[in-house]
Structures are given as C-alpha cells and as structure tokens.
Amino acid sequence: MRTEHFSLGKLLTSLVVVFCAASYSYASDITKSQNDMRDYQSITLENGLSVLLVSDPNTDKAAASLNVSVGSAANPKNRAGLAHFLEHMLFLGTDKYPEAGEYQAFIQSHGGSHNAFTALKNTNYFFDINADDLEPALDRFSQFFIAPLFSKEYTDRERHAVNSEYSAKIRDDGRRAYAASQQAMNPSHPASRFAVGNLDTLPNDKEGSLRSDLINFYQQYYSANQMNLVIIGKQPLSQLESITKQYFSTIKNTKAQTFVIKEPQFKPEDLPLELAIKTLKDTQSLSLSFPTQANLPFWKSKPLYLLSSLIGYEGEGSLLALLKEKGWATGLGASPGQNFVSESSFHIQVSLTPEGLKHTDDIVSLFFSFIQSIKKEGISQAIYNEEKLLNAQQFRFLAEQEPIHYVTQLTQSMQDYPQENWLNAPYILEQYDLDAITQFIQAIRPNNMVLSVKAKNLETNMTEPYYDSEYSINQISASRIKHWQQAELINNLHIRNPNPFIAENTNLQPLTEDLLKPIQLDTGKLGVTLWQLQDTTFKVPKADLYFTLLTPLARNGAEVTTGLNLYTDMVSDELNKSLYDAGTAGLSARIYAHQRGISVRISGFDDKIEVLSKLIAKTLRKPELSQARFNRVLQAYQEQLNNSDKDKPYNQLFRVGYEVLMHNARLGELQKAANDYSLDQLSSLIEQLFKSTEVRVLSHGNLTASQAKKLTNSLLQELQPIQTAQVAPQVDILRLKEDSVLTKTLDIEHNDSATILYLQGNDLSTQTRAATALLSEILSAPFYTQLRTEQQLGYIVFATPMPLRKVPGIAFIVQSPASSPEAILESIRNFLNNFRSKLEKIPKQQMAQFKSSLVARINAQERQLQELSNRFWQEIDQNNTKFDTQEKLTKAINQLDNSDLVNIYNKLLSRQLVLQNTGAGAKQNLISDATALESTK
C-alpha cells in the first residue's frame, strides 16, 4: 500500500541540482580568533539559503545546524504548539527516507547525536556525527526541508509525544512561573501565548485538519530565504561547497516574509505591576524586569551587557555582597532579555532566603540605590577598557567548542550580525558609547517595572490554565513607587574596583618534555602524590590545577556527608567575592564534596593560578566559621534536600538507584542530619579531616614540573594537614543477586509514572565493560523508536550506559503521562526479549559499524584543556596510573563477536534493579478503565 505523503521535492528538481549552475557570494573577511586554525567560507545558494562552511581537517566529529527564522510566535491562535509539533514531525520520515526512525538510527550508529528546539523567534535543527560520515548524514538531514512525509499515521501519534513533553514539565517551577507571568503580558504579543502544545491545542478530531494546518505552516515559513545553515567537516572548503550544493539547493524558496513581532511585550499603561507566583518547591526569589529600547542595534557597544556586568557583580561593594551580609539573599543575576525589532528588556533575579522574602521592598530599594550610584559615578572609561580587555583575551584564546554546539550557536549569530562578525560579535566592545548607556539606564526605573515574587506560601487569587500555576497580578501603589524613586546612595554600594586576577603574562612556556600522559613527581611525602603534564597542545596560556583530600570519614554516613557539603559550601561562600573576580578574568574554581572527601578544581589562565590556589587552600584550613554564614548556607542546603522530592520522577528514581547501588546516605537521612546539624559539629569535622588525609594533585597545561612542585608545596603549607597517609576510601558498589529482581517503588507527587530498569554486569572485566557499552550502542536507537515513536509511551524514553566506577551496567528509562509502571516495565522487557534474537543475527558489516561508532565515542577528541584534564583526573581517582582505559576498551571492543555479546547480554538480564513510581495520569486511567468496565457489565 502506498503511504500518502506531502513532498516538496520532485525528481526533476533533484536533477536540476546536478546540472544547473548556482550563484554564490564568497567571503574571506570573517574575523576569527588567532587561536582558531579552521577555515571559513560563506556562500549563498541560488535558492537564497545562507551557508557558513567550516573546514577542520583535524576534527573527529562533523556537525551541521539549520536555523529557520520562525518559531512559536507564528503559531496560529487556534493552534498553540503548532511550530513545536512541526519540529517533532520532521524527524518522522521523508520522501527519500520514509522509515520513521531511520535518521535517528543512522546518526546513533555512526557515533553521533541529534536534537532540535523551537524558540519564540526561531527553530533550530542540529546533529553531529563521525567526520567520515558527514555526507550521508547531510543527505538525510536536508530531506527534512525538501520532502517531509507528514504521514497521517504519525501526525496523530506524535501529538501524544508533544503532550507527553508538556506533561513531563507540568510541575516544573520554571515552566509554571513563566506561564503565570504570561498572564500579565500584552495579549497581542506572541510571548503571552502557550507555545508547547498538548492534546487539547492540537486536536485531530476533524480528519485531516491537523495535518493540513501542519503543511500550510511548513509551506508558509519553511523557505530557503528564511534559513541559515552551518556545516563543519574535515573536508576542504571546495568539497564542503560541492556537498552543500548537492543536498541543499533543492530547498524551495517561496520568498517567505520574515515573521516580525511589533507589539510591546507589556503595555506601557499596565506598568508598573507586581506578580505573586506560588511555587511547588521550597524556594524564594525576586525578579525585576524592565522593557527597554531595542538592544541589538547597539551590539558593538553593548550597554545592557555592561549594566549586567556591574549589577550582577558579586565582589566588594556589590549589591549581592550587601544582601548576603543582611542575610536576605544567596544569589543574584542580571542579564539582557530577548531582542525584538522594536524593544528589548533587562532582568534582575535575586535568590532569597526566607528572611529576604520578608524584605522584598527593602531589596528593591537597595537595587535602586545601586542604580543611583551607577548614574552618579557613571560607567567609566577604565571599567569599559577592563571589560574590553577581558573580552579580547577570551576571544584571543577561545577554547574550541564541541562541533554540535558551535554550529548551533553560529546559525543564530547569522540571524543577528553582519557576516564579518558572525564569530566574534559576542566578544566585541568597539565603542565606548556613554549616551547609549545613559539611554538604557533611564529605562531602569520603578514606574517601568514588572516585579515578580515567587515562593511556596504566597497569597494568590488566580490559576493559569495549562500548568495550574497559582498567581496574582496587582498594581504597585504610588507610595511604593515614590519610595523607590527616592532611594538614596549607600556608602557600601559602589561600582567595582579593578579586577586583581586579570592575566598579565599570556605567553606559552617552552616545553621541557614532549609527553602525552602525566607523570608522577616525587613529593618526598607519604600520602601526597603529584601528577604533572606540561601541555601546549591547545596553544593557550592556561592550566588546570586539581587537588583532593581523601578521607575514610567520607563514608561514615549521613552526618559526615552533610558536614562535608556544608564545609565546601561555607568555603565557597566565604571566597565568593574573590572567586567571582577570578571567574570574570578567566580563572574558575570549583570546591565540592564527594563520596571520598573533598576536591578543588582550578582552571584558566595560569598567570594568577598560584595566588588563587593558595587563597583557597588557606580558607579550607582556617575558614571563617561565622554563625550568620553557617545559618545561611545550612538553610540553602536544607532547601536543596527538601526540594529533591519535587524533581522530575525519573531523576528521583535515579537518585534512589544511586543510594541503593553506591550505599549513599538516603535522602531522609540527609534531611534529618541537616535539620540537627550545628556549627560545633562542622568545626569538629574539619579538624578530623586534617588529622589524617591523603592528598592527590594534578597539574596539567602551561605549568612546568618545577612550578607544579612549588604549587604543591604551597598547598601543603596552607593546608597544614597533621598527617598525610595513603588512606583513600573505596566506594563499594552493591552487587545485585543473580536471577533476582530488586524493586524499589517511590511515592512521587506527579502526573507522570516512571520506570527505570537497570541491568548490572556480571564482573568487572574489560571484556564485560566493553560488551555492555557496545550493547547500549546497538539497542539505544531501536529502544527509542519502539517505545517512544511507535508505542508513544512518553516523551522521556532512552537507554544509556550506566557504569558505576568499574561496574558496568545499562539503564532503560521511560517516563509516561498515561501508562502504569507495570505496563512500562512489560514494554521494556518485551523489547529486551525480542532484542535477544536480533542480536544473534546482526551481520558482520553492521556489527563493525556499531563497533566503529562506539570506539569513536570512547576516543572522542578532547577540544579543550579541561576536557583532557578531567579524563586524567578520573583515571587518577580510579587508581589507573597508566592512563590507558581508552586503549584497553578499544582493543576489547574490536575483539568482541556476536556470541560474546549474546553471552554477556544474558548475564546482564540476570541481575536487575527496578525503580518505579505511579503517576496521577496512570491512576486516573485505571479509574477510567474500571469505570468503563463497570458500565459494560
């Protein structure tokens, strides 16, 4: 039977691609970083498609992104979610490749990944793949925009997937808060409308109507002249140009008009206004939003970026520093909002403490006091020059991104900036435009404000229809506005001082040894190991200095886990002012607790790395244990724990899985320990930590061996451990019993049910680890296609490797708005049983392809210094000082045959952990089914 389909591509058109000439415009003036060795070329195909080609002969991954300049803003008023639904439908078969899962399976089996997103103003499709497989991937990808099927069968099925995506986030506080804020927006502005879509907004009750609307939307907006394409490949530019011409020239140019949003997002007469939004999680926040003139025309001077940098600053004299001192806030962010043709916006978000929630008007007053100080002091030329220098340094030594992220970013830059600046526009500060800064700051005033307060126990009087968000909208009284307008200057609120962490020496040091892996240097101290590798591979004057303090204490239950988390949070909070300066200067630090102790990772320009590492070590040894800071940090940690049971169902199941398998403290135990924890307990724990600890250090990058030794000695001098010894605790993984199923059922308040089936490997051998990874590679695409696309169990459906240290495993995850966990588990097991027979019959050529794909993932090219450092650090953590895990797994994978896989697959199936919950949707279905059954009796 012939499937009815919609096709824009005709055979005649395809032939024209081969034989007709196209007109191109070339560009050799695209500004790129001095550290960027790739070649770039811009071309415009005859159909109007704008293309940026990137040739990187050394890349192991190719990638492409196509951006369409239309998004959910263009949804017809009677079809909320249509643009998003169309994004889904393009993955479900084309004229040339009609099988619904073919594209996904091809990408997956060739070492790649893919995704798409629908935003308000654009829709973006992207993928990456092994570099050798770019051309056939582009063939499949291009057909989305030439000849999609939009088959009747999947048009009806996929609306359920859209509904599942909506349902999965129905209790997400971010979605709920945005949905409530939409009720205050100008109803003529597209941002005010529901955009995700669900079964009600995408009905298919009138035969063919949904499909007809889908096709009409596609024909109206999916035109070559409204698209930008970026391709990265290892081929030379001339070959990439030829491939692009072959596969993308047949995209039809209907000369579609750009969809323009002209209405203001908030009506001026409605401002100022105040929103109160009730949250599900135990969190509190305050946000201020101000409509401004359009920001994009000022992209070279970036006035809103400069204001964001000053207001969002966290160091000495900052608004956040003062709010923390008062015990009112734990975080603050400032950022420009979305750009429209006629307007932009400016946003402030403050994370509040419970005490801060009582002082929201005072916080707003302090904010406007800081604005007054900016108006008085002005953004000086010195501040501007510092920002310009930091941006220039960042672009000069720009770290290479993963191709899939890079192409996606560039397609959107092509929408907004001149061709010459597609790469460097975000880093440009060319004009010190005081007039523009003044214009924008005038918009940041009390009577031009949307003030939003979000918390769990607010009084509200309205409910938003799609997410059941409880909210209220109120006018702000004239007396409050007047009070904020008269906010006075405050001495300890001022524009920041010069940044002491800006790198002055950005030279690469000459290599003393040309090595590929770290070597161990003698520290002369028992229990202190130093691994070092001077590395200029990435041609950046940067280094990573990692160190860890390992202690058996870390495995001593919930009280110690709580204490170590509070300890690292206390230290991070005390150092926040310095860490913020360092971070803006390109030197980041992360201090964190884990199952074996605590660790610090410092990454960035090496020029000031010694200063920062000594400061961190000194603070670790002698933190300022103030009661006020402890109370604030403890409160935040308690909130974090209490909100864990508001997370997505499948995330909660994973948490319980780790508790069971890794013998982690249970959530309830941690909550109890946190509720009872005292500052005296923390002080005692810190002293115990330094009585006997093992210290491991990794120095990698633009640091010599002598510098690494000096840094290690400096760390030890500041840390002053009473004794160092080889005391690293091991993390034991629970070994599931053979031929048994361990089941854990959670009671989760959510519409969705979820099930995770975890299969554990029989042993720790390299062969079993390799085979388990290969099995996951083979079955992940068909698992997704069968349970997500065909059975429509839910939006969240995936299979993933789940190794726990060296214990191999695979997890199968489904979250569903309608199915019971029993039905989900049955579907998973049916799939696994059917897969067994298919596994035995996989042809050698196909098996070789799966192996190649997996080997490519395991040996994926590290594109940044930190990625390589992280791999070395993981090897050190697992005591593999030969740093050869990749090589061992690669060899083992290539030696596997079908019988090995079947044997290990059978052993995997014999050790199972089932994690599950029953959602309200499944319970309602059970009631409906029972009612229907009763009515038939």
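For this chain, numbers begin at 1 and follow the sequence in order.
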Which residues satisfy the salt bridge (Lys or Arg N to Asp or Glu O under 4.0 Å) test with [X], sequence neighbours excluded?
{"X": "Arg829", "result": "none"}
{"X": "Lys517", "result": "Glu887"}
{"X": "Asp544", "result": "none"}
{"X": "Asp897", "result": "none"}

Would you tell me whether [X] and [Y] have side-chain atoms, one donor and one acceptor, within less than 3.5 Å of each other?
{"X": "Gln671", "Y": "Gln638", "value": "no"}
{"X": "Asn751", "Y": "Ser167", "value": "yes"}
{"X": "Ser827", "Y": "Gln791", "value": "yes"}
{"X": "Thr890", "Y": "Asn859", "value": "yes"}
{"X": "His110", "Y": "Ser853", "value": "no"}
{"X": "Asn834", "Y": "Asn830", "value": "no"}
{"X": "Asn664", "Y": "Gln595", "value": "yes"}
{"X": "Glu574", "Y": "Thr619", "value": "no"}
{"X": "Asn163", "Y": "Tyr795", "value": "no"}
{"X": "Arg735", "Y": "Gln760", "value": "yes"}

**Study point:** From CA spacing to verdict: side chain to side chain contact (heavy atoms under 4.5 Å, CB included), Ile876, Trp531
**Key:** CA-CA 9 Å; Ile876 290 169; Trp531 294 90; 3.7 Å; yes

Check your understanding: Taking the six-membered ring for Trp, is the centroid-to-centroid distance between Trp873 and Phe547 below 6.0 Å?
Key -> no

Exercise for review: First locate atom CG of Leu634, then atom CG of Asn565, and finally report the distance between them rounded to the nearest 0.5 Å.
Suggested key: 11.5 Å

Exercise for review: Mind checking the OH-CD1 spacing from Tyr650 to Ile813? Nearest 0.5 Å is all I need.
Suggested key: 8.5 Å

Name all pairs fulfilling the salt bridge (charged side-chain N to carboxylate O under 4.0 Å, His left out) condition that reach into [range], sequence neighbours left out, sorted by first residue then second.
{"range": "residues 739-765", "answer": "Arg171-Glu749"}
{"range": "residues 642-658", "answer": "Arg655-Glu659"}
{"range": "residues 770-793", "answer": "Arg157-Glu790, Glu158-Arg788, Glu777-Arg857"}
{"range": "residues 677-697", "answer": "Arg621-Glu687, Glu694-Arg696"}

Review point. More than 12 heavy atoms of other residues, nucleotides or ligands under 6.0 Å from CD of Gln874: is that the case?
Key: no

Review point. Hey, is NZ on Lys672 packed in by over 12 heavy atoms from elsewhere, all under 6.0 Å?
Key: no

Exercise for review: May I have the step-by-step check of side chain to side chain donor-acceptor pair (under 3.5 Å) for Gln108 and Ser780, ending in yes or no?
Suggested key: CA-CA 8 Å; Gln108 169 70 27; Ser780 60; 2.9 Å; yes

Using ring pair (Phe, Tyr, Trp, His ring centres under 6.0 Å) as the criterion, list what pairs up with [X], not counting sequence neighbours.
{"X": "His750", "answer": "none"}
{"X": "Tyr784", "answer": "none"}
{"X": "Phe812", "answer": "Phe783"}
{"X": "Tyr592", "answer": "His594"}

Practice item. Check the pair His663 / Leu734 against side chain to side chain contact (heavy atoms under 4.5 Å, CB included), numbers first and verdict last. Key: CA-CA 7 Å; His663 306 286; Leu734 175 70; 4.0 Å; yes

**Study point:** Closest non-hydrogen atom pair between Phe690 and Leu620, with its separation
**Key:** CE1-O, 3.9 Å

Check your understanding: Can you check ring pair (Phe, Tyr, Trp, His ring centres under 6.0 Å) on Phe835 and Tyr905, steps first, answer last?
Key -> CA-CA 10 Å; Phe835 179 75; Tyr905 183 68; 5.5 Å; yes

**Study point:** Lys281 bridged to Asp173 by N-O distance under 4.0 Å
**Key:** no

